[in-house]
Amino acid sequence: MNFNKKQLTIYNSLEGKKVLFNPIKDGFVGLYVCGPTVYNKVHLGNCRTFISFDMVYRYLLHLGYKVRYVRNITDVGHLVDDSDQGEDKILKKARLEKIEPMEVVQQYTLDFHKVMNDFNCLSPNIEPTATGHIMEQIEMIRVIIDNGFAYESNGSVYFDVEKYNRKQNYGELSGRKIEDLISNTRELDGQTEKRGPFDFAIWKKASSEHIMKWRSPWGFGFPGWHLECSAMSTKYLGDEFDIHGGGMDLKFPHHECEIAQAMASNGKKPVRYWMHGNMLTLNGKKMSKSIDNSILPGELFSGENDFMDKPFDPMVVRFFMMQAHYRSTLDFTSEALSAAEKGYHRLLNTINEIENLPTNVDSSESVLKIVKSFYDAMNDDFNTPVLIANIFEAVKYINSVKKGDETISSSDRQLLKEEMSTFLFYVLGLKDSNLKSEDRLSPVMDLLLQLREEARNNKDWKTSDKIRDGLASIGITIKDSKNGSSWD
RNA sequence: GGUCCCGUGGCCGAGCGGUUAGGCAGUGGUCUGCAAAACCAUCUACAGCGGUUCGAAUCCGCUCGGGACCUCCA
């Protein structure tokens with residue numbers, strides 16, 4: 001298909017509007033997404049961001065770009081709070097559970113990967129860890145100090161935000177002015193090491209009993225949270241790269257700090273297109289670990305939670321998320337998920353029937369136009385809800401062809417099948433997790449349906465209903481139609 | 001308090017100045033031994049009040065309500 005990939009528009013947080021996407025190097029895209037801090041199981045809200053950017057990655061690939069997708073694992077440096085004695089999240093967890101910090105990291109990294117796999121997310125090309133890039137981070141700190149934008153204080157190194165702001169614009173991404181920030185800030189205890197209230201640690205001194213620490217020019221310590229992303233994105237994607245993604249809540253201060261660090265070290269704006277996914281809400285409030293308003297993916301899949309009436313398949317959850325735009329908040333309710341579940345199954349049923357459609361010399365609808373509507377939706381800042389609406393329009397057409405009210409040519413049938421599969425399975429990253437895929441069950445079911453058919457022909461309703469109701473009780477639905485029976 | 005976003009029919013959710021979004025539910029039909037499933041058709045909107053415009057869900061102002069960030073968060 002020669003649908004022009006040059007028509008892709010992306011909402012750039014830096015400019016506050018949709019702009020045409022032009023990669024730095026023609027045909028190649030550098031994509032960096034802030035990954036999880038592995039001190040806990042990922043909750044569903046975290047997952048939404050990664051699923052959104054998985055979709056972005058997939059669509060860029062589909063457009064033919066060679067994408068280098070980097071998503072980090074934060075395994076050190078993420079502090080519980082911003083005071084001088086702010087504790088490392090991983091270390092705190094290790095202390096509470098009385099295990100090694102790296103055991104914490106290992107445990108939750110594995111959990112994260114499992115969940116990403118459940119949601120059918122593609123792996124990034126590179127998944128770097130903060131602890132694996134200590135040298136790069138130390139080097140970046142040295143450069144920032146040399147350039148005069150950071151200072152050492154009592155074994156820690158802080159980024160001098162006010163000094164930076166005199167030369168550059170701190171706050172350009174989040175639309176903040178440093179004067180407003182200062183006048184509105186509340187006094188935090190224990191910030192004596194910092195020159196300014198918004199200075200942030202790029203290196204933290206470690207006490208003697210601290211387990212996770214490395215030797216540096218400033219003594220033993222560990223790197224600050226914001227720094228890892230700058231160091232690793234620079235290392236793998238260069239001083240300037242195309243797309244940086246993350247959750248809305250990272251916009252300030254995390255991403256703001258990333259820009260400042262990069263500018264302070266090499267004078268270049270690191271990122272062309274900043275993309276921010278919106279929050280998931282539960283009971284109308286942001287899903288968040290810190291306010292105890294969250295649900296774990298596993299709890300959603302198993303049904304063991306206080307929020308939902310029943311379990312939901314990961315693909316249903318993914319489909320539900322794709323029915324909302326990535327920049328909109330999405331409210332999770334049992335009712336809404338159930339609605340998505342029905343719609344999703346209907347979609348799968350129809351797509352499985354395309355190849356059996358009767359063909360004609362001509363098509364009564366322009367399949368090309370339908371396919372174009374898929375691309376138009378995605379090119380408009382990855383508008384997946386509109387894409388899905390357009391796919392449902394195609395479903396209506398397919399059913400009309402099946403009924404005989406509309407026609408489709410053999411080549412169009414092939415095209416429609418390919419494009420619908422591509423968008424549904426490849427771009428949106430869904431998959432058909434039906435029982436049908438279990439090969440051994442299929443012949444057994446054929447046999448049962450045959451027996452029931454014979455009973456029905458003999459008007460032996462007792463036997464036929466026994467088969468139907470028995471199957472229903474174990475979750476298999478018999479679907480009778482003119483052309484015989486099938487199951488789901 | 002500061003900065004910003006949002007308020008769409010029973011529920012979810014698109015829409016970015018003029019044409020049916022879409023899904024689920026509801027209603028009516030087709031099909032059927034009964035049913036289920038499937039399919040078709042179809043009803044409920046744009047928080048309120050002003051303004052701009054030939055024309056506003058869409059732009060502007062105010063009011064009310066909700067949310068995010070400003071402190072760790074995807």
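A, B, ... follow the sequence lines: proteins, then strands. Residue 1 opens every chain. Since the structure is predicted, the reported quantities are computational estimates derived from the model, not experimental observations.
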Using distance only, find each side-chain donor-acceptor pair of residues 51-59 of chain A under 3.5 Å and give its atom names and separation, not counting sequence neighbours.
from: A/Ser52; atom 1: OG; to: A/Arg48; atom 2: O; distance (Å): 3.0
from: A/Asp54; atom 1: OD1; to: A/Leu122; atom 2: N; distance (Å): 2.8
from: A/Asp54; atom 1: OD2; to: A/Arg58; atom 2: NE; distance (Å): 2.8
from: A/Asp54; atom 1: OD2; to: A/Arg318; atom 2: NH1; distance (Å): 3.0
from: A/Asp54; atom 1: OD2; to: A/Arg318; atom 2: NH2; distance (Å): 2.7
from: A/Arg58; atom 1: NH1; to: A/Tyr426; atom 2: O; distance (Å): 2.7
from: A/Arg58; atom 1: NH2; to: A/Asn120; atom 2: O; distance (Å): 2.8
from: A/Tyr59; atom 1: OH; to: A/Asn379; atom 2: OD1; distance (Å): 2.8

Could you check whether A/His325 and A/Phe382 have their ring centres less than 6.0 Å apart?
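No, ring centres 6.0 Å or more apart.
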
Ring centre gap for A/Phe332 and A/Phe320 strictly below 6.0 Å
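When the ring centroids of A/Phe332 and A/Phe320 are compared, they turn out to be within the sub-6.0 Å range.
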
Span that lies between the [atom1] atom of [M] and that of [N], in whole angstrom:
{"N": "B/A47", "M": "B/U27", "atom1": "C1'", "value": "28 Å"}
{"N": "B/C11", "M": "B/G50", "atom1": "P", "value": "26 Å"}
{"N": "B/G23", "M": "B/C39", "atom1": "P", "value": "10 Å"}
{"N": "B/C24", "M": "B/C64", "atom1": "C1'", "value": "30 Å"}
{"N": "B/C6", "M": "B/G48", "atom1": "C1'", "value": "16 Å"}
{"N": "B/A25", "M": "B/G61", "atom1": "C1'", "value": "38 Å"}
{"N": "B/U52", "M": "B/U44", "atom1": "C1'", "value": "31 Å"}
{"N": "B/G9", "M": "B/A14", "atom1": "C1'", "value": "14 Å"}

May I ask you to say what [X] touches in the nucleic acid, namely base, sugar-phosphate or nothing, with a heavy-atom cut-off under 4.0 Å?
{"X": "A/Lys177", "result": "nothing"}
{"X": "A/Glu393", "result": "sugar-phosphate"}
{"X": "A/His276", "result": "nothing"}
{"X": "A/Ile391", "result": "nothing"}
{"X": "A/Gly284", "result": "sugar-phosphate"}
{"X": "A/Gly45", "result": "base"}

Residues which pass salt bridge (charged side-chain N to carboxylate O under 4.0 Å, His left out) with A/Asp309, listed by chain and number, not counting sequence neighbours:
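Partners of A/Asp309 under the salt bridge (charged side-chain N to carboxylate O under 4.0 Å, His left out) test: none.
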
How would you list, by chain and number, every residue that makes a salt bridge (charged side-chain N to carboxylate O under 4.0 Å, His left out) with A/Glu256, sequence neighbours excluded?
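Salt bridge (charged side-chain N to carboxylate O under 4.0 Å, His left out) check on A/Glu256 returns nothing, list empty.
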
Please list, chain by chain and in numerical order, all residues satisfying ring-ring contact (aromatic ring centres under 6.0 Å, His included) with [X], sequence neighbours excluded.
{"X": "A/Phe301", "answer": "A/Phe119"}
{"X": "A/Tyr11", "answer": "none"}
{"X": "A/Tyr397", "answer": "none"}
{"X": "A/Tyr39", "answer": "none"}

[X] has an atom [atom1]; how far is it from atom [atom2] of [N], in whole Å?
{"X": "A/His226", "N": "B/U71", "atom1": "NE2", "atom2": "C1'", "value": "11 Å"}
{"X": "A/Ile467", "N": "B/G33", "atom1": "CD1", "atom2": "P", "value": "17 Å"}
{"X": "A/Phe312", "N": "B/C24", "atom1": "CZ", "atom2": "C1'", "value": "12 Å"}
{"X": "A/Lys251", "N": "B/U3", "atom1": "NZ", "atom2": "P", "value": "16 Å"}
{"X": "A/Glu453", "N": "B/U32", "atom1": "CD", "atom2": "C1'", "value": "12 Å"}
{"X": "A/Asp460", "N": "B/G33", "atom1": "CG", "atom2": "P", "value": "15 Å"}
{"X": "A/Lys286", "N": "B/G67", "atom1": "NZ", "atom2": "P", "value": "13 Å"}
{"X": "A/Phe319", "N": "B/G22", "atom1": "CZ", "atom2": "P", "value": "14 Å"}

Distances under 3.5 Å between nitrogen or oxygen atoms of protein and nucleotides 12-15 of chain B:
from: B/G13; atom 1: OP1; to: A/Asp331; atom 2: N; distance (Å): 3.1
from: B/G13; atom 1: O2'; to: A/Gln323; atom 2: O; distance (Å): 3.4
from: B/A14; atom 1: OP1; to: A/His325; atom 2: N; distance (Å): 2.8
from: B/A14; atom 1: OP1; to: A/Ser328; atom 2: OG; distance (Å): 2.9
from: B/G15; atom 1: OP1; to: A/Asn383; atom 2: ND2; distance (Å): 2.9

Under a 3.5 Å cut-off for both distances, is B/U30 Watson-Crick or wobble paired, and to whom?
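Across all strands, the one nucleotide that pairs with B/U30 is B/A38.
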
Let's test this: given Watson-Crick or G-U wobble pairing with both distances under 3.5 Å, identify the partner of B/U3.
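Pair assignment: B/U3 / B/A68.
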
Would you kindly check if the NZ (Lys) or CZ (Arg) of A/Arg176 is within the cone defined by 45 degrees around the ring axis of A/Phe252 and under 6.0 Å from the six-membered ring centre?
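Yes, A/Arg176 and A/Phe252 form such a contact.
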
A/His226 vs A/His254 aromatic rings, parallel, tilted or perpendicular, using cut-offs 30° and 60°?
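Tilted: the ring planes of A/His226 and A/His254 meet at 30° to 60°.
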
Under 5.5 Å between ring centres and under 30° between planes: does that hold for A/Trp461 against the base of B/G33?
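Yes, aromatic ring over the base.
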
Can you tell which of B/A74, B/G23, B/G33 lies closest to the side chain of A/Met279?
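Of all the options, the side chain of A/Met279 is nearest to B/A74.
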
Taking for each residue the nucleotide of RNA chain B with the nearest heavy atom, is it A/Ile388 or A/Leu280 whose nucleotide lies nearer the 5' end?
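With A/Ile388 and A/Leu280 compared, the 5'-side residue is A/Ile388.
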
Reading nucleotides 35-47 of chain B 5' to 3', which nucleotides get B (base under 4.0 Å from a protein heavy atom), which S (sugar-phosphate only), which -?
BBB-SS-------

